[in-house]
Amino acid sequence: MKDALHALLAEAFAALELDAPAQARIENTRDKAHGDLAANHALVAAKTAGMPPRALAEKLLAALPASPLVAKVEIAGPGFLNFFLQADARQEVLAQIYAQGAAFGSGAASGKRVLVEFVSANPTGPLHVGHGRGAAYGDCLVRLLRAAGDTVDAEYYVNDAGRQIDILATSVWLRYLEAGGSKQPFPRKAYQGAYIGASAARLREAVGDVLERDLGAHLENQPPAADDDETGDAHLDALIAAAKALLGAADYRRVLEHILAEQLGDIREDLEAFRVHFEHWASEREVVDAGLVQAALDTLRDNGQTYEQEGALWFASSRFGDDKDRVLLRANGAATYFANDIAYHQQKLARGYDRLIDVWGADHHGYVPRMKAAVEALTGQADRLDVQLVQFVSLLRDGEKVSMSTRAGTYETLADLRREVGEDASRFFYVMRSNDQTLEFDLALATRESADNPVYYLQYAHARICSVLRTAGERYEAADAQPESGLDERERLDAPSETALLNLLARYPETVQAAARQLGPQIIVHYLRDVAEGFHRWYNAEPFLVDEVALRRARLCLAGAVATVLRNGLDLLGVSAPERM
RNA sequence: GCGCCCGUAGCUCAGUUGGAUAGAGCAGCCGCCUUCUAAGCGGCCGGUCGCAGGUUCGAAUCCUGCCGGGCGCGCCA
C-alpha cells in the first residue's frame with residue numbers, strides 16, 4: 001500500500017520536474033481525521049524545490065494521478081498529504097490473510113544467513129532469572145529474523161574450558177570425598193549450591209569409591225582456607241591442583257565430564273521447557289583443541305594487528321576504537337579468554353554466516369568494543385557482528401529484592417520462575433520491555449494478580465474469537481460458520497471499529513519487518529496489544545452472530561483474520577494462543 | 001577519573017530512528033452483563049518529556065554541557 005502511494009507521489013514529482021525526496025516517508029496516521037496514511041514529501045522537498053511546504057503540497061496534489069486505491073487526498077497541517085483509502089483497498093488485507101495463513105506477516109527469503117548466539121551461561125549451575133531474559137529475548141530475535149526472511153540458527157556457546165570449570169569439578173569431587181568421610185572443610189569460594197552435593201552423590205553411585213584419594217598430605221604448606229578473596233582463591237587453586245595431581249588426567253576428566261554433562265542436560269531441558277531451542281551447542285574446549293586459537297592469532301598477526309610487549313602478545317584493538325590494546329597470550333604463554341573468544345567468532349564467520357548477533361548481559365558491555373574490534377581486524381568489516389545487551393532483571397519477592405549470588409547458591413532460578421509464573425507470562429514479561437531497559441520482575445504481582453497480566457489481554461482476545469467461532473459452528477450451517485467463506489462479503493465491513501481493525505491488520509507485515517530490523521520484540525508486543533484492543537472494542541460495539549447472513553459472514557471473516565494475526569504475532573514471542581480461557 | 005546504558009503521568013513503561021493536540025497499562029473516581037467469554041468496553045483524573053543551550057519549517061527523538069540513577073573499566077572468565 002505504501003509502495004503504491006510512493007509510486008503515485010513519484011509520478012507527481014516527475015510531472016512537476018522535481019526530484020522526489022528519498023528521505024520522505026509515508027506513515028500511519030494516529031488520528032483518523034488525518035486519513036489512513038500521511039506523506040511528508042512536501043515538507044521534506046520544500047527547500048530544494050524553493051517554495052513553501054504548503055504551496056508545494058498543492059502542486060503535488062494537482063499533479064497526483066488518480067488511483068483506485070485512494071478515495072481522497074487532503075493537505076493538512078504544515079503541508080502533509082493525507083490519504084484516505086478506498087474501502088475495498090482496506091478490505092483487501094483479509095484476502096491476503098486467508099491466502100497466507102500462518103505465513104501472513106513473513107517476508108520473502110532474504111538469502112541472508114544469521115547466527116544468533118545467546119544465553120551461553122557457564123554450565124556451573126542452574127539458569128537464573130537473568131539468563132531467562134537473555135533466553136526469551138534471543139529466542140524472539142531468532143523467530144523475528146526468520147519471519148523477516150533470514151535463515152537463522154540459534155547457538156549456545158559452552159564455556160567448558162578455564163578456571164570456573166575446574167572449580168566446578170573440584171567442588172563436586174570435594175563433596176564426593178565428604179560423602180566418603182573426608183573432614184576437609186568445604187571452601188567458601190567453591191560452588192555452594194545443593195545441586196553440587198546431589199551430583200556428587202550420583203557420581204559415587206555410578207563409579208563407587210574409585211575416586212577416593214587422601215587429600216591431607218597434599219595440602220600441607222598450602223594456603224589455608226580463608227574468607228578473604230586473595231587467600232581464598234589461592235586455597236582453591238591449591239585444591240584444584242591437588243585434585244588434578246591425585247586423580248590423574250583420566251579420572252579428573254571423569255569428574256569434569258560427569259558434572260558438565262549433568263549441568264548441560266539440565267540447562268537444555270530447562271530451555272526446551274521455556275520453548276527455547278538451539279540448533280548448535282558450541283564448545284570452547286573444542287575450539288581450543290582444534291587449534292583454532294592459534295589460527296585466529298595467526299590471522300591477526302598476518303593482518304598486522306598484533307605485537308609483543310613485556311613477554312605477552314597483544315592485539316592492537318585501540319586501532320578499531322577500543323580504549324586500549326588487549327592481551328592475547330600472557331607472559332606465561334597461556335591464551336586469555338578473549339583469545340579463545342576471537343577464535344570462536346572467527347569459526348562462526350568461517351561457517352558461512354553473513355551476520356553474527358551476540359546477546360550478552362549488560363555487565364559485559366565493556367567487552368563489546370574489543371570483540372567488535374576483533375571481528376573488524378579479522379574480516380575488515382565491523383558490521384558483521386552485532387552485540388545486543390540485555391539489562392539486568394531485579395526480582396521482587398514480597399516487595400523485597402532477592403539477592404542474587406551464583407556462588408552462594410542463593411538465587412532465583414529460571415525453573416522456579418517458570419513454575420510460579422508460567423511460560424507464557426514469563427516470556428511475555430521478559431520481552432515486553434526494550435532489552436536496554438532494566439526490568440523489575442515483581443513475582444507477587446505476576447503470580448497473585450495474574451489476571452492483570454497484559455499477556456492475558458491478548459490471549460483473551462484470541463480465546464474470545466475462538467469462542468464466537470465455536471458458537472457460530474453450533475448455530476449455523478458449516479458454510480455460514482467458516483470465517484473464510486465470508487471473504488466475498490467483506491465490503492460489508494465499514495463500521496468505524498471495523499475500519500480501524502482492518503488498518504491495523506494491514507500493518508502487521510511492516511510491523512514484523514520493523515521489529516526484526518530494530519531487533520525489538522517489544523514492537524510486536526505493543527502492536528498486538530493494539531490489535532487486541534481494537535478487537536475488544538469492536539466486540540463491544542457490534543454483534544457478530546446477527547441474523548443477516550451476509551453481514552454475519554463478513555464479521556466472522558474479520559474475526560477469524562484477527563485470530564490469525566494474534567496467533568502469528570504471539571508465535572513470534574513464543575507465547576501460546578489458547579482457544580479457551 | 002574514563003566508558004556504556006537509562007531519566008517521559010503517582011507507579012511500570014511505549015513512542016514506528018525528526019512530524020500534526022506526547023501515548024498505553026496499573027493505581028484512583030463514575031458508568032455498562034436476561035443477548036456471541038465482564039480476564040471485556042466507555043468516560044473522568046493525571047505531563048515544565050531530568051536541566052540549560054544549539055541545529056530547522058518542526059525536537060521526547062539529533063548535537064554540546066551540566067544534574068541524577070545503574071553497570072563496567074584485570075596478563076579473571
Side-chain angles (χ1 to χ4, degrees), chain A residues 23 25 27-31 33-34 38 40 42-44 46-47 52-54 76-80 82 122 124 159 161-165 167 233 284 309-314 323-324 326-338 340-341 361-369 389 391-392 394 432-434 436-440 442 445 449-457 459-461 463-472 475 507 510-511 514-515 517-518 520 522-523 525-527 529-530 532-533 535-546 552 555-556 559 580-581:
Chain A
Q23 325 87 294
R25 295 173 48 195
E27 294 169 332
N28 303 302
T29 54
R30 204 176 302 155
D31 185 343
H34 297 143
N40 66 350
L43 295 165
V44 176
K47 188 169 278 183
R54 277 199 78 107
F80 289 102
N82 290 339
N122 287 333
T124 51
N159 297 125
R163 184 164 180 268
Q164 296 203 47
I165 289 299
I167 296 174
D233 278 336
E284 180 182 6
Q309 190 180 316
E310 294 166 20
L313 181 70
W314 295 71
D323 291 348
K324 50 188 168 187
R326 308 290 173 177
V327 171
L328 298 168
L329 292 178
R330 301 181 192 115
N332 66 11
T336 57
Y337 175 84
F338 180 44
N340 290 1
D341 224 2
D363 52 336
H364 289 87
H365 66 77
Y367 203 74
V368 177
L389 298 174
Q391 292 290 335
F392 280 6
S394 59
M432 167 168 92
R433 306 272 112 100
S434 162
D436 48 29
Q437 194 75 240
T438 55
L439 184 69
E440 204 165 82
D442 189 331
L445 194 82
E449 302 180 36
S450 59
D452 290 333
N453 279 346
V455 63
Y456 290 103
Y457 186 75
Q459 293 184 316
Y460 182 59
R464 226 178 183 186
I465 293 169
C466 291
S467 171
V468 170
L469 296 180
R470 271 195 306 272
T471 306
R475 287 193 199 170
R507 277 172 40 195
E510 72 192 57
T511 303
R517 190 177 62 248
Q518 296 179 52
Q522 80 280 1
I523 289 169
V525 170
H526 289 102
Y527 169 80
R529 208 210 68 83
D530 285 346
E533 180 182 49
F535 171 76
H536 288 309
R537 272 191 186 150
W538 178 44
Y539 183 95
N540 278 275
E542 314 288 343
F544 302 157
L545 303 181
V546 292
R552 186 172 74 225
R555 287 183 172 161
L556 289 177
R580 302 168 193 275
M581 289 175 73

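The chains referred to below are lettered A, B, ... by the order of the sequence lines, with proteins before strands, and numbering in each begins at 1. Source: prediction; values computed, not measured.
- In the set B:rA39, B:rU16, B:rC36, the nucleotide with an atom closest to the side chain of A:Met581 is B:rA39.
- Atom P of B:rC44 sits at a distance of 35 Å from the matching atom of B:rG53, rounded to the whole Å.
- Taking 4.0 angstrom as the limit, A:Ser467 places a side-chain polar atom (N or O) nearer than this to OP1 or OP2 of B:rU37.
- The CD atom of A:Gln164 sits 4.5 Å away from atom CG of A:Asn122, with the distance rounded to the nearest 0.5 Å.
- Distance CZ (A:Phe535) to P (B:rC41): 11 Å, rounded to an integer number of Å.
- Nearest-nucleotide mapping onto RNA chain B: of A:His536 and A:Ala463, the residue sitting toward the 5' end is A:Ala463.
- Side-chain atoms of A:Asn82 lie closest to B:rA20 of the nucleotides B:rG15, B:rC36, B:rA20.
- To the nearest whole angstrom, the two C1' atoms, one in B:rC26 and one in B:rC45, are 14 Å apart.
- Whole-Å rounding puts the A:Tyr527 OH to B:rG15 C1' distance at 17 Å.
- Distance A:Phe544 CZ to B:rU35 C1': 13 Å, rounded to the nearest Å.
- Within the 4.0 angstrom heavy-atom criterion, only backbone atoms of the sugar-phosphate kind lie near A:His526; the bases stay farther away.
- Two residues are said to be in side-chain contact when any heavy atoms from C-beta on lie closer than 4.5 Å; A:Asp363 and A:Leu389 fail this criterion.
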Quick tally for nucleotides 69-77 of chain B: nucleotides whose base has a protein heavy atom under 4.0 Å get B, sugar-phosphate-only ones S, the rest -, giving --BSSSBSB
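- Using P as the reference atom, B:rG46 and B:rA22 are 15 Å apart when rounded to the nearest Å.
- In this structure, A:Tyr457 reaches the B:rC41 phosphate: one of its side-chain N or O atoms is under 4.0 Å from OP1 or OP2.
- In this entry the distance linking CG of A:Asp436 with P of B:rC13 reads 12 Å, nearest Å.
- Nucleic acid contact class of A:Thr511 (heavy atoms, under 4.0 Å, all strands): none.
- When heavy atoms are screened at a 4.0 angstrom cut-off, A:Pro53 is found touching no nucleic acid atom at all.
- A:Ala514 comes within 4.0 angstrom of no nucleic acid atom, judged by non-hydrogen atoms across all strands.
- Counting any heavy atom pair closer than 4.0 Å across all strands shown, A:Glu510 reaches no nucleic acid atom.
- The side chain of A:Arg433 has B:rA14 as its nearest neighbour among B:rG25, B:rA14, B:rA38.
- A:Arg507 is linked by a side-chain hydrogen bond (donor to acceptor under 3.5 Å, both in side chains) to nothing, counting only residues two or more places apart in sequence or in another chain.
- At whole-Å resolution of the value, CD1 in A:Ile523 and C1' in B:rA14 are 10 Å apart.
- The phosphate of B:rU16 has neither OP1 nor OP2 within less than 4.0 Å of any side-chain N or O from A:Arg507.
- Regarding A:Phe80, its CZ atom lies at a distance of 14 Å from the P atom of B:rG18, rounded to whole Å.
- Whole-Å rounding puts the A:Arg475 CZ to B:rU35 P distance at 11 Å.
- Taking the ring-ring contact (aromatic ring centres under 6.0 Å, His included) definition, one finds that A:His365 meets it with nothing, sequence neighbours left out.
- Distance A:Trp538 CH2 to B:rC36 C1': 11 Å, rounded to the nearest Å.
- The aromatic rings of A:Trp538 and A:Phe535 stand perpendicular to each other, their planes meeting at an angle above 60°, with 30° marking the opposite boundary.
- Distances from the side chain of A:Ala38 to the nucleotides B:rC41, B:rA20, B:rA14 place B:rA20 closest.
- B:rC33 adopts a syn glycosidic conformation, its chi angle falling within 90° of 0.
- Put simply, CE on A:Met581 and SG on A:Cys466 are 11.0 Å apart, with the number rounded to the nearest 0.5 Å.
- Taking both residues in full, the closest heavy atoms of A:Ala331 and A:Ala312 are given as N-CB, 4.0 Å, listed atom of the first, atom of the second, then distance.
- B:rG23 and B:rU64 have their P atoms separated by 29 Å, with the value rounded to a whole Å.
- Nearest to the side chain of A:Gln437, among B:rC13, B:rG25, B:rA20, sits B:rC13.
- Sequence order on RNA chain B of the closest nucleotides to A:Leu439 and A:Cys466 puts A:Leu439 first from the 5' end.
- Taking atom C1' on both nucleotides, B:rC49 is separated from B:rG68 by 16 Å, rounded to a whole Å.
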query: Taking it one step at a time, do A:Asn159 and A:Tyr337 satisfy side-chain contact (heavy atoms from CB on, under 4.5 Å)?
result: CA-CA 10 Å; A:Asn159 297 125; A:Tyr337 175 84; 3.3 Å; yes
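- Listed by chain and residue number, nothing satisfies the ring-ring contact (aromatic ring centres under 6.0 Å, His included) test with A:Phe392 (two or more places apart in sequence, or in another chain).
- Taking the C1' atom of each, B:rC73 and B:rG15 are spaced 33 Å apart, rounded to whole Å.
- A donor-acceptor distance shorter than 3.5 angstrom exists from the side chain of A:Arg54 to the backbone of A:Gly77, with no hydrogens or angles considered.
- A:Thr29 and A:His34 make their closest contact through CG2-O, 3.3 Å (heavy atoms, listed as atom of the first residue, atom of the second, distance).
- Across B:rG58 and B:rA20, the matching C1' atoms stand 10 Å from one another, rounded to whole Å.
- On the C1' atoms, B:rA24 is 7 Å away from B:rA14, given to the nearest whole Å.
- For A:Glu533, the side-chain hydrogen bond (donor to acceptor under 3.5 Å, both in side chains) criterion is met by A:Arg529, not counting sequence neighbours.
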For RNA chain B, the dot-bracket notation using Watson-Crick and G-U wobble pairs below 3.5 Å, [ ] for pseudoknot-type crossings and | for other-strand pairs, is (((((((..((((.....[...)))).(((((.......))))).....(((((..]....))))))))))))....
